[in-house]
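The structure under discussion appears below in the form of structure tokens.
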Amino acid sequence: SKVILAIGRAGIPRKLGAAGEDQEKVAYWLKDPEAFTYEHVLVVGGGDSAVDAATARVEQAGNRVFLSSRKN
């Protein structure tokens with residue numbers, strides 16, 4: 001499983017204050033989508049970056065992608 005936090009401005013991530021957010025499986029930037037196959041991926045964020053990250057990952061083989069946003 002992987003977590004992508006697509007929140008905050010470019011280069012200045014806004015952390016959640018959640019336990020484990022500094023683990024290796026948590027990224028604050030858009031990594032190469034081809035590196036994600038057959039993964040469960042949680043993208044946290046509600047803006048364009050989050051949607052772009054989720055869309056790129058869902059197109060890779062075997063991925064299950066979840067998008068979480070604080071907004072309605």
Side-chain angles (χ1 to χ4, degrees):
S1 296
K2 303 287 183 186
V3 177
I4 300 171
L5 296 177
I7 55 180
R9 296 186 317 232
I12 306 172
R14 188 173 19 176
K15 295 192 176 186
L16 300 173
E21 70 183 352
D22 291 323
Q23 292 184 20
E24 186 176 310
K25 67 180 178 179
V26 178
Y28 292 93
W29 59 92
L30 298 176
K31 292 184 174 183
D32 183 19
E34 287 78 23
F36 291 79
T37 56
Y38 297 94
E39 294 275 1
H40 287 99
V41 180
L42 170 63
V43 179
V44 179
D48 292 344
S49 294
V51 173
D52 290 346
T55 300
R57 272 53 183 195
V58 80
E59 292 174 349
Q60 298 305 310
N63 284 343
R64 293 193 65 199
V65 179
F66 305 88
L67 181 59
S68 175
S69 176
R70 294 180 292 169
K71 298 177 184 178
N72 292 334

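Predicted, not measured: the structure shown is a model, and the values here were computed from it.
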Where do [X] and [Y] come nearest, in terms of heavy atoms and distance?
| X | Y | result |
| --- | --- | --- |
| Ala53 | Val43 | CB-CG1, 4.2 Å |
| Val41 | Arg57 | CG1-CG, 4.3 Å |
| Ala50 | Leu67 | CB-CD1, 3.9 Å |

- request: Identify, with sequence neighbours excluded, every residue that meets side-chain contact (heavy atoms from CB on, under 4.5 Å) alongside Thr37.
  value: Gln60
- request: Could you tell me which residues satisfy salt bridge (charged side-chain N to carboxylate O under 4.0 Å, His left out) with Asp22, sequence neighbours excluded, listed by chain and number?
  value: Lys15
message: Is any side-chain heavy atom of Val58 closer than 4.5 Å to one of Asn63?
response: no
